[in-house]
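Note that this is a predicted model, so its numbers are computed, not measured. Letters A, B, ... are given to chains in the order of the sequence lines, protein chains preceding strands, and every chain is numbered from 1.
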2 protein chains.
Amino acid sequence: MGTTQLESVPEPKYWHLKTVLSEALDSEFTVGEILPNERELAARFGVARATLRQALEQLELEGRLQRRRGVGTTVAPPRVGVDVGTERRTWPGASGDTWQLVDCTVDAPPAAVADALGIDRDEPVHIVRRSRVSHGRPVAAELLYVPQSSVPDLTAIDAPSGTARARAVLRELQHLALEGQDRAVELGSARADDAKELDRLPGAPVLVVTTRFFAEGRTAALSVATYRADTCRLTFGASGGVEIHHGQERQAS
Amino acid sequence: MGTTQLESVPEPKYWHLKTVLSEALDSEFTVGEILPNERELAARFGVARATLRQALEQLELEGRLQRRRGVGTTVAPPRVGVDVGTERRTWPGASGDTWQLVDCTVDAPPAAVADALGIDRDEPVHIVRRSRVSHGRPVAAELLYVPQSSVPDLTAIDAPSGTARARAVLRELQHLALEGQDRAVELGSARADDAKELDRLPGAPVLVVTTRFFAEGRTAALSVATYRADTCRLTFGASGGVEIHHGQERQAS
DNA sequence: CAGTGGTCTAGACCACGGA
DNA sequence: CCGTGGTCTAGACCACTGC
């Protein structure tokens, strides 16, 4: 081998395709513009549709594209910075939070949630559903699990209907002294119900933010919030008064 | 509508397959166990390999499986909780941090990074490469961008080689008074070099943690850390002394 | 209704890891 | 060397959107 063997490492077609498309998006398209359809693009690049789709999937994962069945593929706007600040340690539903109540049920939680709450796996808890909207688009769906022991003063009279009961549960929560909280962020895929609320297909990538609220020496509530990974950037503002001019704060290419 | 129309919504095969496999993983497999190969599994479920792979991909995305070319598909251990705590606001490289120095170069940063740092796009900066290991496995790769103006006392003599220079840059950083920092987390896909360091294929899903360090009224450094999304759960410990017994803290199914 | 992206098939070959 | 997962093809049909 006389020459440096750079060509002997064939880049996958979809990877190269992704690079080419990415550059084209930067230079030849504007936000919201609709791309040629997949069959057309595949033909234009001389690849099978499946290969072209592999490239599009990556670009969608990175928040560069948005695809909707029956409509087409459009150039996505930059990701929305969504504040999930840690320093403001308050109960959910405290004044100024950005969540919309959806409804509230009483049911046995998933086993993992019961374990985290330190309760029996078949002990029913309040499950408050909330959703979060930013810039007119749904960005997150939340399930807030509240053991009945955390809101002992809640009576059946307080809970005539879904959102009213949700309000009552959150109101009762404020009575507890919040001793602390912790958070975790991980990648997940949207369950069917979350997907519907987020206007995505089931299985869409989401950032799952799990928050545990501590009071009276135990976990008094557990929040599982799923954010659209394609359109959201979770921000943890921690410095004083520095303005964020988020635009192309994307990963280096 | 007399009956609830549940059957009229045909679930995609790969989605159903994913559910079945997921339950099988819980009940019939142990961590580290190797699954039958894809051709075998596809045949067993009576689907094409591509369909089977779609299900496996989702499970890998959720951290349930690990696939390695030439080896096979294994049952993944629960995600590792990696602390990216916000309260401990220190410069990178301060005592007690868990990063390993890799090397250090001087080069023009990507345009987005230059913008975030508020410098010209062709102004070279120090680029410190670090990696983070947890439980014996690489979990993150970081690029730390430090404008030369942030470490004015650094001389060429301090920088004989890669890691030595990296050490020198971090040492100089400690001399600045850290005024604040902020963080953002978003989904990305691994670039080729990061992928190599993380022992993954290019394009693998990663959680990108961008941290801006403020000093002297400006952004004095910018860290872009990419964490393996399949194996990591980013934790933001914020409560006092509460022990985390992470095990099955997975998203509710 | 036509056009879009989403799912699925049944093949083929390639790149990598380990024996 | 063989077996693995990774890539790619050229089709097909389905589900959804908007006209």
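Ionic pairing of E142(B) and R132(B) is not present here: no N-O contact between side-chain nitrogen and carboxylate oxygen is shorter than 4.0 angstrom. R129(A) has no carboxylate O lying under 4.0 Å from a charged side-chain N of D103(A), or vice versa, which leaves the two without a salt bridge.
Contact annotation: T51(B) does not reach the phosphate of dT7(C) (side-chain N/O to OP1 or OP2, under 4.0 Å). When the side-chain nitrogen and oxygen atoms of Y14(B) are compared with OP1 and OP2 of dC8(C), none of them lie within a distance under 4.0 Å. Phosphate proximity of dG6(C) to K13(B): absent, as no side-chain N or O sits under 4.0 Å from OP1 or OP2. The phosphate of dG5(D) (OP1 or OP2) has a side-chain N or O of T73(B) nearer than 4.0 angstrom.
Of the two residues contacting DNA chain D, namely L201(B) and G70(A), the nearest-nucleotide position lying further toward the 5' end is that of L201(B).
Atom-to-atom, CZ of R69(B) to C1' of dC2(D) comes out at 16 Å; the value is rounded to the nearest Å. Look at CZ on R67(B): it is 16 Å from P on dG17(C), rounded to the nearest Å. Atom CZ of F45(A) and atom P of dT7(D) are 19 Å apart (whole Å). Distance, R68(B) CZ to dG18(C) P: 8 Å, rounded to whole Å. Summarising the geometry, the separation between CG on N37(A) and C1' on dG18(D) is reported as 16 Å, rounded to the nearest angstrom. Put simply, CG on L65(B) is 15 Å from C1' on dT4(D), counting in whole angstrom units. One atom, CD of Q66(B), and another, P of dG17(C), lie 14 Å apart when rounded to the nearest Å. For E38(A) and dA12(D), the CD to C1' distance is 15 Å, given to the nearest whole Å.
Of the candidates dT4(D), dC8(D), dT7(C), dC8(D) carries the atom nearest the P12(A) side chain, counting heavy atoms from C-beta on. Closest to the side chain of A50(B), from the set dC8(D), dG17(C), dT9(C), is dT9(C).
Looking at R64(B), R68(B), R137(B), R200(B) one by one, the single match for salt bridge (Lys or Arg N to Asp or Glu O under 4.0 Å) with D230(B) turns out to be R200(B).
Residue L56(B) is classed as having no contact, given no heavy-atom separation below 4.0 Å to the nucleic acid. Counting any heavy atom pair closer than 4.0 Å across all strands shown, R53(A) reaches a base atom.
Under the 4.5 Å side-chain criterion, counting only non-hydrogen atoms from C-beta, E38(B) is in contact with R67(B).
Residue side chain R39(B) reaches the base of dG5(D) through a donor-acceptor N/O pair under 3.5 Å, judged by distance alone. The base of dG6(C) sits with one of its N or O atoms less than 3.5 Å from a complementary donor or acceptor on the side chain of R49(A).
Residues satisfying the salt bridge (charged side-chain N to carboxylate O under 4.0 Å, His left out) test with R121(B), not counting sequence neighbours, are D115(B).
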